[in-house]
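Computed over heavy atoms, backbone and side chain alike; hydrogens, waters and symmetry mates excluded. Keep in mind that what you see is a predicted model, and the values were worked out from it rather than measured.
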Amino acid sequence: MPLPTPEEKNINRLRKSFWEAVEEFDLIEPGDKIMVCLSGGKDSYTMLDMFIHAQTVRKNFEIIAVNLDQKQPDYPEHILPEYLTHLGVNFKIVEKDTYSIVIDKTPAGKTMCSLCSRLRRGSLYATAEELGVTKIALGHHREDVLETFFLNLFFSGKMEAMPAKYRTDDGKHVVIRPLVYCKENEIAEYSIYKKFPIIPCNLCGSQENMQRKITKKMLADWELQYPNRKEVIYNALKNISPSHLFDRDLYDFKELKHRVEELNEKDTPKVEEYIP
């Protein structure tokens, strides 16, 4: 029996990571209609491929690929429809000129990602409601999770990352991230192997001083100096001790004090018990 090629090993690792997230967080359930958000980047192409493979294992859910055409200049709008038609995947292209709004509202020198993300998210949620899907799938991977954690830690003063599954604030949608256990370098290798027709984001990709890029470099430098550090940090996100932090909403420190007093009163023998 021939040994698996490096490409086959990489595919197996990605699929294993995908299924770990699916199983741990119940990301795919019978009867689901999942909206796979497709940007044209390596991550979302890989996510779509993982879902297509998942349908060969579980045939009790459906997918629809959705792309938001934000009307960026020179956007090659023919690529995704041609690619998805070739795959035979059900899809919808949503045209929404958020580009002009972002350019108009973002002050010179400021990053565009925050506003662009909010507008894109609103359009995708509206599309999800229109299509009647049960879940919205986003292609964020392990490094996205780690970078978001440190961005929130350093610049927002909160310990928060990207959950694998959550309900939107209005309660209308369930959002899933099936690639949260997948490593970015493995996705990049898979993307090259599959020859995905990558569509670059020219809106914010040229903004070199974005804090996310700086954080990405920090993590990459750490990994070079201390191999496997990213894996250790990622495991920490799954190993939380609320009693050893300071969030009183997660742990009732006041009640802990009362309970200790009660136990002391209950377990401490009375003085007279020592009198013969």
Side-chain angles (χ1 to χ4, degrees), residues 7 10-11 14 18 34-53 63-104 106 111-128 130-131 133 136-145 147-148 162 175-180 182-210 212-213 216:
E7 291 81 10
N10 191 48
I11 292 171
L14 282 173
F18 174 89
I34 301 175
M35 186 174 98
V36 181
C37 298
L38 197 64
S39 66
K42 68 183 191 312
D43 308 326
S44 61
Y45 275 126
T46 298
M47 176 175 63
L48 177 62
D49 259 29
M50 294 296 111
F51 271 116
I52 291 173
H53 175 262
I63 61 173
I64 177 168
V66 171
N67 168 254
L68 177 62
D69 179 356
Q70 298 176 268
K71 297 305 175 184
Q72 297 180 25
D74 302 319
Y75 180 76
E77 58 186 27
H78 65 284
I79 289 180
L80 279 173
E82 290 177 2
Y83 177 76
L84 294 169
T85 300
H86 174 73
L87 285 181
V89 173
N90 188 22
F91 71 91
K92 179 179 179 65
I93 305 296
V94 179
E95 297 185 9
K96 192 83 169 178
D97 186 5
T98 61
Y99 174 83
S100 298
I101 299 173
V102 172
I103 294 298
D104 180 61
T106 304
T111 57
M112 303 175 183
C113 274
S114 178
L115 177 58
C116 180
S117 178
R118 289 200 305 272
L119 294 172
R120 184 171 64 250
R121 189 164 55 243
S123 297
L124 290 174
Y125 288 172
T127 302
E130 173 192 332
L131 295 174
V133 302
I136 302 169
L138 305 178
H140 298 113
H141 47 65
R142 184 188 70 161
E143 276 66 27
D144 288 324
V145 173
E147 290 159 20
T148 299
M162 287 177 163
V175 179
I176 60 175
R177 294 185 172 103
L179 300 188
V180 289
C182 297
K183 299 177 182 179
E184 184 176 19
N185 66 309
E186 293 176 354
I187 291 174
E189 289 176 20
Y190 184 71
S191 177
I192 294 170
Y193 171 70
K194 294 287 289 187
K195 298 180 180 178
F196 292 139
I198 302 298
I199 302 174
C201 177
N202 297 320
L203 180 60
C204 59
S206 60
Q207 295 184 286
E208 295 298 332
N209 293 323
M210 287 170 51
R212 182 171 290 276
K213 289 191 175 184
K216 180 184 284 290

Item to check | Least distance between heavy atoms, Ala65 atom then Val89 atom | outcome: CB-CG1, 4.2 Å

Checklist entry - Of the non-hydrogen atoms in Ile198 and Gly41, which two are nearest, and what is the gap between them? => result CD1-C, 3.9 Å

Checklist entry - Does a side-chain heavy-atom distance below 4.5 Å link Thr46 with Phe196? => result yes

Next on the checklist: Determine whether a donor-acceptor pair (N or O, by modelled atom type, separation under 3.5 Å) exists between the side chain of Asn10 and the backbone of Glu186.
Outcome noted: yes

Checklist outcome for this item: In this structure, CD1 of Ile63 is separated from CE of Met47 (nearest 0.5 Å) by 9.5 Å

Checklist entry - Can you tell me how far CZ of Phe91 sits from CE of Met35, rounded to the nearest 0.5 angstrom? => result 15.0 Å

Item to check | Pairing residues for Ser39 by the side chain to side chain contact (heavy atoms under 4.5 Å, CB included) criterion, not counting sequence neighbours | outcome: Ser44

Next on the checklist: With side-chain contact (heavy atoms from CB on, under 4.5 Å) as the criterion, how do Leu131 and Ile64 come out once you've worked through the C-alpha distance, each side chain's angles and the decisive distance to 0.1 Å?
Outcome noted: CA-CA 9 Å; Leu131 295 174; Ile64 177 168; 3.9 Å; yes

Item to check | Donor-acceptor under 3.5 Å (Glu95 side chain, Asp69 main chain) | outcome: no

Checklist entry - Quick check: does any side chain N or O of Asn67 sit under 3.5 Å from a backbone N or O of Leu38, one acting as donor and the other as acceptor? => result yes

Checklist entry - Under a 4.0 Å N-O cut-off, is there an ion pair linking Lys216 with Glu184? => result yes

Checklist entry - Which distance, rounded to the nearest 0.5 Å, do you find between the NE2 of His53 and the CG of Leu14? => result 11.5 Å

Checklist entry - Distance from Ile199 atom CD1 to His78 atom NE2, nearest 0.5 Å? => result 8.0 Å

Next on the checklist: Are there over 12 heavy-atom neighbours, none belonging to Lys96, within less than 6.0 Å of that residue's NZ?
Outcome noted: no

Checklist entry - Step by step, would you call Lys194 with Asp49 a side-chain contact (heavy atoms from CB on, under 4.5 Å)? => result CA-CA 10 Å; Lys194 294 287 289 187; Asp49 259 29; 2.9 Å; yes

Checklist entry - Would the number of heavy atoms belonging to other residues, nucleotides or ligands and lying under 6.0 Å from CD of Glu7 be above 12? => result yes

Next on the checklist: Taking the six-membered ring for Trp, are Tyr83 and Tyr45 closer than 6.0 Å centroid to centroid?
Outcome noted: yes

Item to check | Val36/Val66 under side-chain contact (heavy atoms from CB on, under 4.5 Å): CA gap, chis, key distance, verdict | outcome: CA-CA 6 Å; Val36 181; Val66 171; over 6 Å; no

Item to check | Within-4.5 Å side-chain heavy-atom neighbours: Leu48 and Leu84 | outcome: yes

Checklist entry - Going by heavy atoms in the side chains, are His141 and Lys183 under 4.5 Å from each other? => result no

Checklist entry - Just how far is it from atom CG of Leu138 to atom CG of Asp43, taken to the nearest 0.5 Å? => result 11.0 Å

Next on the checklist: Just to verify, what does Asp144 make a salt bridge (Lys or Arg N to Asp or Glu O under 4.0 Å) with, not counting sequence neighbours?
Outcome noted: none

Item to check | Rounded distance (nearest 0.5 Å) linking atom NE2 of His140 with atom CD of Glu147 | outcome: 10.0 Å

